[in-house]
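What's counted below: heavy atoms across the whole structure, side chains too, no hydrogens, waters or symmetry copies. We name chains A, B, ... by the order of the sequence lines, and we start the count at 1 in each one.
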Amino acid sequence: MKPKTVENIMKIVLWTSGLATIAVLLMILAYIVSRGIGKLSIDFLTQSPRRMGMEGGVYPAIVGTVYFTLLTIAMAAPLGIAAAVYLTEYSKENFLVKSIRFGNDMLSAVPSIVFGLFGFAFFVTRLKSVTGGWSILSGALTGMLMILPVIIRNAEEAIKTVPREYKEASLALGATKEQTLIHVTLPTAMPGILTGVILGIGRIIGETAAFLLTLGGSILLPTSVFDPARTLAMHIYITAMEVGAMDMAFSAATVLIAVVLILNLLAHGISNRYSRFSSR
Amino acid sequence: MKKILFICAALSITSVMLIGLFVFIEGYPIFTKVGFFNFVFGQKWSPSDNLYGIFPMICGTLATTLGALILGVPLSIFTAIFLSEYAPKKAERLITPAVELLAGIPSVIYGLFGMTMLVPLIREFQKAHPSTNQIQSGYSVLAASIILAIMISPTIINMAKDALKSVPNDFKEGSLSLGATKWQTTWHITLPAAKSGIIAGTVLGMGRAIGETMAVIMVAGNTVKFPDSIFSPIRTLTGNIAIEMAYAEAGTHTQALFGTGIILFIMIILTNIFASRIYRKDAAAK
Amino acid sequence: MTTKIKVENLNFFYGEHQVLKNINMNIEGNQVTSLIGPSGCGKTTFLRNINRMNDLIEEARAEGAIFLDNENILLDTVDVVQLRKKVGMVFQRPNPFPMSIFDNIAYGPRIHGIKDKHKLDNIVEHSLKSVGLWDEVKDRLKDSALRLSGGQQQRLCIGRVLAVEPEIVLMDEPCSALDPISTMRVEDLILDLKKDYTIIIVTHNMQQAARISDSTAFFLSGELIEFGPTLEMFHTPKDKRTEDYITGRFG
Amino acid sequence: MTTKIKVENLNFFYGEHQVLKNINMNIEGNQVTSLIGPSGCGKTTFLRNINRMNDLIEEARAEGAIFLDNENILLDTVDVVQLRKKVGMVFQRPNPFPMSIFDNIAYGPRIHGIKDKHKLDNIVEHSLKSVGLWDEVKDRLKDSALRLSGGQQQRLCIGRVLAVEPEIVLMDEPCSALDPISTMRVEDLILDLKKDYTIIIVTHNMQQAARISDSTAFFLSGELIEFGPTLEMFHTPKDKRTEDYITGRFG
Amino acid sequence: PESQNGAQGGGETEISGSIQIAGSTSVQPLSEELAMAFMSKYPKVKINVAGGGSGAGIKAAQEGTADIGASSRELKPEEKTVKEFIIAKDGIAIIVNTQNPVEDLTLEQIKEIFSGKITNWKDVGGKDAPITVVIREDGSGTRGAFEEIVFGKDAKFTDRAIVQNSTGALRTAVAGDPNAIGFISLGSLNSEVKAIKVDGIEVSKETVLNNSYKISRPFIYMTKDEPTGLVKIFLDFVLSPEGQKIVAQDFIPVK
Amino acid sequence: MSTSRVSLDKEMEDLNCDILRMGAIIEQQIREAVESLTAKDIKIAETVIDRDDEVDRLQEVIEDKSIEMIIRQQPIAKDLRTIFSAVKLATDLERISDIAVNIARIAKRIIGQEYIKPLVDIPRMAKIAQDILRTSLDSYVKRDVEIAKSIVSMEEEIDHLYARVFEDLIAIMTKDASTVHQGVQLIMVARQLERIGDHSTNIGEMAVYLKTGERIKLND
Amino acid sequence: MSTSRVSLDKEMEDLNCDILRMGAIIEQQIREAVESLTAKDIKIAETVIDRDDEVDRLQEVIEDKSIEMIIRQQPIAKDLRTIFSAVKLATDLERISDIAVNIARIAKRIIGQEYIKPLVDIPRMAKIAQDILRTSLDSYVKRDVEIAKSIVSMEEEIDHLYARVFEDLIAIMTKDASTVHQGVQLIMVARQLERIGDHSTNIGEMAVYLKTGERIKLND
Ligand SMILES: Nc1ncnc2c1ncn2[C@@H]1O[C@H](COP(=O)(O)OP(=O)(O)OP(=O)(O)O)[C@@H](O)[C@H]1O
Ligand SMILES: Nc1ncnc2c1ncn2[C@@H]1O[C@H](COP(=O)(O)OP(=O)(O)OP(=O)(O)O)[C@@H](O)[C@H]1O
Ligand SMILES: [Mg+2]
Ligand SMILES: [Mg+2]
Ligand SMILES: O=P([O-])([O-])[O-]
């Protein structure tokens, strides 16, 4: 009798809260897209901004976003995965490893502006001769540091959950530790590793403050990693905040949402490719 | 191979550590110049007058974070329960990617939304209820909390849902087969079993709430003042760094901003230690 | 002996896929009935119809009737919570809740509204004694149930079911995750419980079915091929398919 | 028949805890030897000594000698990768890699440097034929191995081992996760493999040991209590403890 | 980076190389426009404009990280180690919501409103409504100029003021709040908000240029050393009538 | 140690009881068969014959139980040997019962006649036959090799007695042709009693087999 | 269907072969035992006696194999019944072999004498005994209830013959006292041959049991 009443009440509560939350989330999407869709056009996607972003398009920002994201991931993913492999497979669980992990956890919660400051002081200023000052490279190095903790942590977890039996089976076939790692452990852990990478992409794609300090924010089309660039998020920030061109900002935001959506789908695709065999 | 891996590990870890060191070195002088106590508990922040007290911002950070958790966590967990236990499969399949998408949306966009949608709403509310606060701008703890709550909810929902889903069906069926109702099962079995995952999600969300810069700046009002109601505008620690760093002149002002970073660091470390305490306690019970 | 469960023309579908085909069966009270048959023949599905556990699966649909004490439990009007209280279930892998031994047993009674500490103590002691676990664990009732051995865990799960005082206990391959010695213990327990409960057990182990059950039902591709006294079945099965299956000349 | 493996005064420790005590044993080539004994008696540990799989465990330490074709494989100088190539291992739960059926079998040969597609095709076909899986899967070699049934997976795992052409195959309860029909298949396979390989198998199932093995070793608390021809052991065990164990009067 | 090979007097078409400008985000849009014009004139030249803020711009100029640093505020005495070039002036408009009936305020009233002495519009001839003060962050050029000219040494911003860290954000804040008052760069003024007269003088390029409107601040380019080569050509371009014409689109030319 | 396997042990105990019950009946059958002969009591002979059904049924019960136990308990080693030998034992016992019945039948046939000689050796043989049977069952129950071996001498004694009875009767028949019919019948009786010895020896052999797993021959 | 269980089937086949081999030997033993009697050939009698060991060994083999199969294969239902009956069959066959040996022993004892009557019925009985044995084994191998039932009439025939031989011999012995010794021996032979019928009937009953799981009586 009583549990039944509770059950019914909870059903209502859960449905309402569930639907409400989702409604709010979807509303935000709808709001942004509805405000931004108006200005969207082929020109918007393929032209450079004019009049401080009040006119023209977002082409360089799209290109900048892609270049920058790819470079960052290309640097962070291998390094982070390698570090995770070292921590999980090649080191004993001692104090050092534990403190490294703790430090790593700390850093994953450090606000990105701090990374920006570091990047500005170190990569932009100190290593100017190498990085070219404000540049995709400086930004990517900063971004790499920003997302390394996330990638390391996720990769670690993913590698840890690879069933021991897989590794043992491989070793028992006479494979070396390295062969086992490359052919069995990493492919099996790939979906989890990718989750970390996706989270990382999400973080750098959405960050503005840190990259204003390191990536520069030039609206010119970057031609090399030594050029500064502007990501969509930065572009949105500048157009909305400095210029106050809200409509342009919302249009750029719509484009950015599309980019995130595409990246998500892509990541899911890759993840599915790898996990094609791990589900029945 | 092992050496290469070690170099990678060392490289990534040390560079990541460097940042901590960098912030510390850059920010440490402020404590000698102003004094740790004055810095942390000082009420006034006015770099042009050489006043560097960040206490209102610490409170602002705590207030927005707390607000975000209060607003976001229960609702997110309920939503997660809804998605994992109650929602029809098809609905779940539709909603989940949407939630994932929201987790990947940049904070500027949330800020834009907050600034153009939420703040005016709150302002209207304040105008209708003038007693709420003398400053009726809409920029407020509430706005920041709501935006943060919305921002962290995809994270919490996703993690909590995964945790709930990974509770072995065995447990749930065991409970149901004893004549427990669905809610009894969820409450007594599934939630406790998923606790660590949910806590991890919450901690992650909290980390994001504490560390979030851009969206907060855009809706919080950034007034360096002790918040006396949820309608007070406030400035957070991260907001302080992000707002002023761009124009701060080298020297005390910059150091003060880095010092803010150190305090932020310490707060995050404390939160993490606290969280891992809970986490470990929970793990020990199993 | 009286008929406890009467299955009439039971058909069961997962979406389009018919998994049980026109099952008719009378299951006696205070007996052990075992269900045997090759993998995928529908044993688990049948079992989970008896406590409506299949309700949890979307697209699952049952036709026909199952009478429990003359009440058709397949009707929508039936209170499944009450039904499941009456029809306990033990699963293939021991699945104690991640709580203390005490709380595991007390879970059911608490759910059903018993708050009194003293009463709960009694129930826990009695249930643990019924499954022969009391002496083994009485000094560590507050310990996590997950620290028990597999066999102990499975007996705990049986005790957990007994604590809500069911009339029928369904068991889905309760020993398949256990070592031989634990298996023997659980079998002894089942034989012991027979006098108070009606037990239906799914097993892949012919010898186990022979050891513990009074009647045996042989399922094949969703059909009930043969149902009768266990020893007769293992001695002189009537159907060629039963014979082939139990002598291992199958598939 | 010649002695393939000669174990001399083998002692094995996990840290302080001695798990194997002075084992002496001669294992014949081209025979099936089964290891039986209660849970925790050291069967797995013994098995994993033979391919040095215990190397993976920190704090594990072996004393004494195991001669494989007169070479002491416990020496530090032994190339464990070569050893493991020679001594294959099949695990309790079927553990195919999350790859295609083809890649699972080809994994070992590829690891050992065979790149030639044609050669690999041959190896895969041959191995799958050896485990009687070829006809069942030849049309879906590119499918995920995880989509096979439990019994097929386990045979695939055996095939995977055979593909690296070992001389000895170690099996740790290879049927405990399988249904009776799959078990029978695997047993038939083991009997079939005997002519080409030396097989050592851990099992909890006395009847299985009796069915498939030529010799049986009974372990108890890390000691080798009795070792001899299987049927003799199950017919007229020499040691009271063996008798108690195999007749189920134990623990 | 800082390569230059255009000889001073050489043919225009031969001028090539790249320049890095960094600093104030307020100057950034203007810099971009100037750079565009320059680059279309000299196609082989590439000018990158980065943001980062005035602080970063000053630092970049000091350390030579950028060829040109940009600042939207006056340099502090201790920062004056670099070469400064005022390339434009920016009037600072006092803005209120378009619904606000108030049209004109005295400098004194503005001072009292922003320092928190006057908190209701009715005290300055408006409706009975509390004033929402919106200001820029500490260190901002706009704020610095406002503070210097309006407050002098004897007043401070009220601690109840809403702080926004960019022109657009501030304008949005005022545009949305009927009771708000704030200040933004003249170049960013648009129809969303209403600029009020200060002591009866409307803010415009002319009034700023003829110094009748008092509240303004300079946009400054800085170089580490005396500019040479391409940087000099660019600076010359910016200060030339051609460059100043571009400046004049939104800001106040210095020449 | 044996906390488990209680049910197997109980069933095995049961089986043993059945065998002992069978043994008891058969012993009585032997005694009564010979008694009917000596006491010339046709009633007794008839009870002996009637009880054969009971013995047959017991044998069936033992066989069925054994099969069930094998199905259910998967016995091995000693357990399986025990069950196996129980079945064989039951066969032997059933044969002994048949023998008693045969004797009773012969008794029924010749009770009406005057005996051609006083029945001394035959009752003595019967006595020994019962002893052997009891001893063999004893050795079986106790799994005692020594007791089993003690059968050998008894067996020799009964063989010896048989030879004597045979000689005596042949002598009588040769002397007096009218005794031939009864003489042949009595020889048959003696022969049957001697067979009991053989069967009992089998039982003793089983005891040894059970204990040691070895097959030995206790006769010849 | 039976892809699995090959090894059990093979072993069961093996067991059957052993039984048939045993049957073949025993048939020969019966034939030879009676032949030694009729042909007065002591050599033949001795081979019969010698072969008993072989039969005993075969019985042991069958028993051991059966036990092994039970240990290994956990047979159930028909499989278990088959193994079980194989063991019982072997017991019966071994007894028949013993009977042949007994006949051969008697033959050895009386071959030296002149027969008190021409041996007509006894060879005929032997012939029928062999037939019954063959038929019963046939019914067993084929699990054929009809064949098994055909044993009944043969059994009656052999019983009938035995009665005649008995009457004849008693008559002869009563007429001529000197024939008593040999007469008794021949009666024994006839009696033994009649027992073969009984044992064979058992085998037939087993066939029925195997096929139907029911126990029937084929005699009386
Ligand atoms: N949730 C489900 N949805 C669709 N089909 C299902 C579902 N669960 C089971 N089935 C199918 O129903 C049939 C019967 O399944 P069930 O689990 O009852 O078999 P079982 O006899 O218990 O087999 P096992 O011995 O392997 O446990 C199988 O063909 C199975 O594939
Ligand atoms: N990694 C380890 N560290 C310490 N002790 C271990 C480890 N692995 C096993 N042991 C101990 O060694 C003993 C033997 O273990 P082992 O796994 O060899 O037993 P087993 O005979 O294979 O048992 P089972 O039948 O349960 O598989 C046990 O007491 C076990 O607790
Ligand atoms: Mg099932
Ligand atoms: Mg093991
Ligand atoms: O320096 P400002 O951003 O205030 O122009």
Atom [atom1] in [X], atom [atom2] in [Y]: separation rounded to 0.5 Å?
X	Y	atom1	atom2	value
B:Met214	A:Ile236	CE	CD1	11.5 Å
B:Thr79	A:Leu14	OG1	CG	8.5 Å
B:Ile150	A:Met27	CD1	CE	6.5 Å
B:Glu85	A:Lys11	CD	NZ	13.0 Å
B:Phe22	A:Phe118	CZ	CZ	6.5 Å
A:Glu178	B:Leu5	CD	CG	8.0 Å

Contacting region of [X] [heavy-atom separation from chain A under 4.5 Å]:
X	answer
B:Leu257	neither
B:Thr186	neither
B:Ser107	both
B:Leu264	side chain
B:Phe78	both
B:Met218	side chain
B:Leu101	both
B:Leu83	side chain

* To do: May I ask you to check whether A:Tyr31 and B:Phe113 place their ring centres under 6.0 Å from each other?
  =>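 Yes - the distance between ring centres of B:Phe113 and A:Tyr31 falls below the 6.0 Å cut-off.
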* Between B:Phe82 and A:Trp15, ring centroids under 6.0 Å -> yes
* **Which residues share a ring pair (Phe, Tyr, Trp, His ring centres under 6.0 Å) with A:Tyr237, sequence neighbours left out** =>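 Listed in chain order: nothing, the list is empty.
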Top contributor to chain B contacts, counting heavy-atom pairs under 4.5 Å, from [options]:
options	answer
A:Thr208, A:Thr21, A:Leu232	A:Thr21
A:Ile205, A:Val259, A:Leu256	A:Leu256
A:Ile198, A:Ile81, A:Leu29	A:Leu29

* From B:Ile241, B:Thr254, B:Ile19, residue fulfilling side-chain contact (heavy atoms from CB on, under 4.5 Å) relative to A:Leu117 -> B:Ile241
Considering non-hydrogen atoms only, spot the tightest contact between [X] and [Y] and give its length.
X	Y	value
A:Ser17	B:Leu75	CB-CD1, 3.8 Å
B:Leu112	A:Ala249	CD1-CB, 4.1 Å
B:Pro106	A:Val260	CD-CG2, 4.5 Å

Is it the backbone or the side chain of [X] that comes under 4.5 Å from a heavy atom of chain B, or both, or neither?
X	result
A:Val24	side chain
A:Leu181	side chain
A:Leu141	neither
A:Ala253	both
A:Ile32	side chain
A:Met234	neither

* Asked: Would A:Lys4 and B:Thr181 count as a side chain to side chain contact (heavy atoms under 4.5 Å, CB included) if you check the C-alpha gap in whole Å, the side-chain angles of each, and the deciding distance to 0.1 Å?
  -> CA-CA 7 Å; A:Lys4 197 126 200 205; B:Thr181 61; 5.5 Å; no
* **Heavy-atom pair count under 4.5 Å with chain A, highest-scoring of B:Met206, B:Met115, B:Gln184, B:Met117** => B:Met117
* Asked: Can any side-chain N or O of A:Glu7 pair as donor or acceptor with the backbone N or O of B:Trp183 at less than 3.5 Å?
  -> yes
* Asked: Should the heavy atoms of other residues, nucleotides or ligands under 6.0 Å from CD1 of B:Ile4 be counted, would the total exceed 12?
  -> no
* Asked: With sequence neighbours excluded, what pairs up with B:Glu212 under the salt bridge (Lys or Arg N to Asp or Glu O under 4.0 Å) test?
  -> none
* Could you walk me through whether B:Lys182 and A:Met10 pass side chain to side chain contact (heavy atoms under 4.5 Å, CB included), step by step? => CA-CA 10 Å; B:Lys182 203 162 174 174; A:Met10 281 322 293; over 6 Å; no
* Asked: Do B:Thr116 and A:Arg35 pass the side chain to side chain contact (heavy atoms under 4.5 Å, CB included) test, and can you show the C-alpha distance, the side-chain angles, and the key distance before you say yes or no?
  -> CA-CA 11 Å; B:Thr116 56; A:Arg35 280 198 66 174; 3.6 Å; yes
